[in-house]
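As structure tokens, the structure follows; a few thoughts come after it.
First the proteins, then the strands, lettered A, B, ... as listed; each starts at 1.
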2 protein chains.
Amino acid sequence: MNSAAHAINMKSKPKATGKRAIREANERLIMEAAEQEFAQTGFKGATTEAIARRAGVPKANLHYYFSTKADLYNRVIEDVCGHWLAAAEPFDKTDDPRTALRGYITAKMDQARMRPYGSRVWAMEVICGAPVINSYLHTVLKPWYEKRTAQVNTWIRAGKMNPVDPQALFFMIWATTQHYADFGPQISVLNDDQILSEGQFIRATDQVCQIILTGVGLKP
Amino acid sequence: MNSAAHAINMKSKPKATGKRAIREANERLIMEAAEQEFAQTGFKGATTEAIARRAGVPKANLHYYFSTKADLYNRVIEDVCGHWLAAAEPFDKTDDPRTALRGYITAKMDQARMRPYGSRVWAMEVICGAPVINSYLHTVLKPWYEKRTAQVNTWIRAGKMNPVDPQALFFMIWATTQHYADFGPQISVLNDDQILSEGQFIRATDQVCQIILTGVGLKP
DNA sequence: GTCTATAACCGGATAGAC
DNA sequence: GTCTATCCGGTTATAGAC
């Protein structure tokens with residue numbers, strides 16, 4: 001019914017990039033709106049009409065670009081997954097535990113600040129049993145996790161850091177950094193009904209690094 | 001259809017406490033079912049029919065005990081809030097930071113293990129903007145938080161622990177302990193598709209205490 | 001590609017017999 | 001207090017004109 005094929009295969013004269021550009025722009029618009037709606041009301045609570053309204057398009061157009069609500073949700077989740085991996089990247093660039101952990105925590109905190117809705121969609125998906133991202137957890141997250149825990153164990157055996165359970169360490173990093181995105185509404189209440197400023201976020205990042213690095217026997 | 005209550009309430013004249021006992025038993029049954037359904041699909045995703053089915057009562061009976069779905073949700077949330085406070089109690093019993101933090105973290109981890117669905121309902125409520133518990137956050141959580149952060153600052157000024165930001169410390173404790181409940185599905189995947197055993201939970205509790213206490217300059 | 005109108009469906013809530 | 005049948009509002013998805 002839609003399909004890139006249709007967009008590509010045009011007879012008259014729209015420029016080569018015309019329809020494709022329209023599609024990409026509208027898909028992006030709709031996905032951004034969907035990310036916010038899904039984050040604020042859950043998959044079932046979000047309505048295609050509210051998403052369309054937020055995106056500034058008629059509801060029928062949303063269904064023109066994404067055949068079903070579930071399809072749209074999947075696309076949003078995939079996008080968040082890609083983003084999630086990007087935050088993990090700094091961890092690959094060094095073999096020094098202090099640098100690696102600081103870089104990783106900082107990247108995750110930046111992500112929490114810059115894209116809180118994506119983090120919330122991910123959180124709700126996992127809380128609800130991860131029906132959609134289950135295969136992703138097995139094929140992507142688990143291998144990543146096993147490689148990283150092995151790396152931490154190597155550092156421990158080399159005496160570079162305290163003998164802590166890598167599982168507990170990674171769970172703590174994930175939980176703490178994502179808390180700043182996921183529990184934003186609660187944090188705001190405790191911050192005199194103001195969302196954390198950039199300065200407060202930077203300070204929080206520094207504190208998280210300090211406690212965790214000190215906690216595993218590294219210099220903060 | 002089934003229900004212990006029905007078996008208890010035999011034919012003629014129920015004792016003075018008969019109806020009240022029936023009501024309490026059925027309300028408890030329905031609320032437990034609701035806690036699971038709300039946790040697994042969110043407020044909008046949970047259907048009164050699924051809750052009733054899980055509780056083993058007809059849907060009309062659910063509406064007899066709880067006039068609306070929102071009313072039922074409120075009751076579940078209130079119950080979870082009470083439980084949440086109970087976990088905070090150990091923090092009140094001592095003025096030694098090591099004992100207080102260990103006790104608090106342990107209580108929160110026990111809660112994550114024993115009542116994961118309650119934690120998940122709370123998490124989804126906060127993620128979605130805390131529309132229902134907003135006043136609770138202001139009237140209960142915020143005073144608690146301010147009292148506790150002041151206490152931590154007192155310990156810091158007395159040189160009993162490192163000068164960390166109490167906000168970062170409490171967020172880390174909340175995030176990490178609740179992660180074991182909220183992100184259970186993800187944790188299971190990383191644990192070879194098995195939920196954490198009691199032994200693993202105890203070990204995790206110990207590790208969390210070790211990293212955090214060491215992180216703030218206390219003996220674990 | 002865009003948009004209005006509507007079909008088809010589902011879920012919350014209730015009526016009223018037992 | 002229990003339960004079946006039903007109403008009604010709201011949501012997804014589509015038909016069909018532009």
### Query
Would you call the rings of Phe170(B) and Tyr145(B) parallel, tilted or perpendicular if under 30° counts as parallel and over 60° as perpendicular?
perpendicular

### Query
What class does the angle between the rings of Trp84(B) and Trp122(B) fall in, given that below 30° is parallel, 30 to 60° is tilted and above 60° is perpendicular?
parallel

### Message
Could you go through Arg54(B) and Glu32(B), starting from their C-alpha distance and side-chain angles, then the distance that decides it, and tell me whether this counts as salt bridge (charged side-chain N to carboxylate O under 4.0 Å, His left out)?
### Response
CA-CA 9 Å; Arg54(B) 184 183 287 273; Glu32(B) 280 174 8; over 6 Å; no

## Note on the structure
The nucleotide from dG1(D), dT14(D), dG11(C) with an atom nearest the side chain of Arg23(B) is dG1(D)

### Task
Ignoring backbone atoms, test whether His63(A) places a side-chain nitrogen or oxygen under 4.0 Å from the OP1 or OP2 oxygen of dT14(D).
no

#### Entry: Given dT12(D), dT2(C), dT2(D), the nucleotide with the shortest approach to the side chain of Ile22(A)
dT2(C)

### Query
Just checking Ala46(A): base, sugar-phosphate only, or nothing, at a heavy-atom cut-off of under 4.0 Å?
sugar-phosphate

### Task
Write down the distance between CD1 (Ile30(B)) and P (dT2(D)), rounded to a whole number of angstrom.
9 Å

### Summary
Among the nucleotides dT12(D), dG1(C), dT11(D), whichever has the atom closest to the side chain of Lys44(B) is dT11(D)

### Query
So Trp174(B) and Phe171(B), would you call those rings parallel, tilted or perpendicular, with 30° and 60° as cut-offs?
tilted

### Query
Within this structure, what is the OH-to-P distance between Tyr65(A) and dT14(D), rounded to whole angstrom?
17 Å

### Summary
Between Glu49(A) and Tyr64(B), whichever has its closest DNA chain D nucleotide further toward 5' is Tyr64(B)

### Message
Any residue in residues 55-62 of chain A with a heavy atom nearer than 4.0 angstrom to DNA chain D? Just list them by number, or reply none.
### Response
Lys59(A), Ala60(A)

### Query
Would you say a side-chain N or O of Thr48(A) is under 4.0 Å from OP1 or OP2 of dT12(D)?
yes

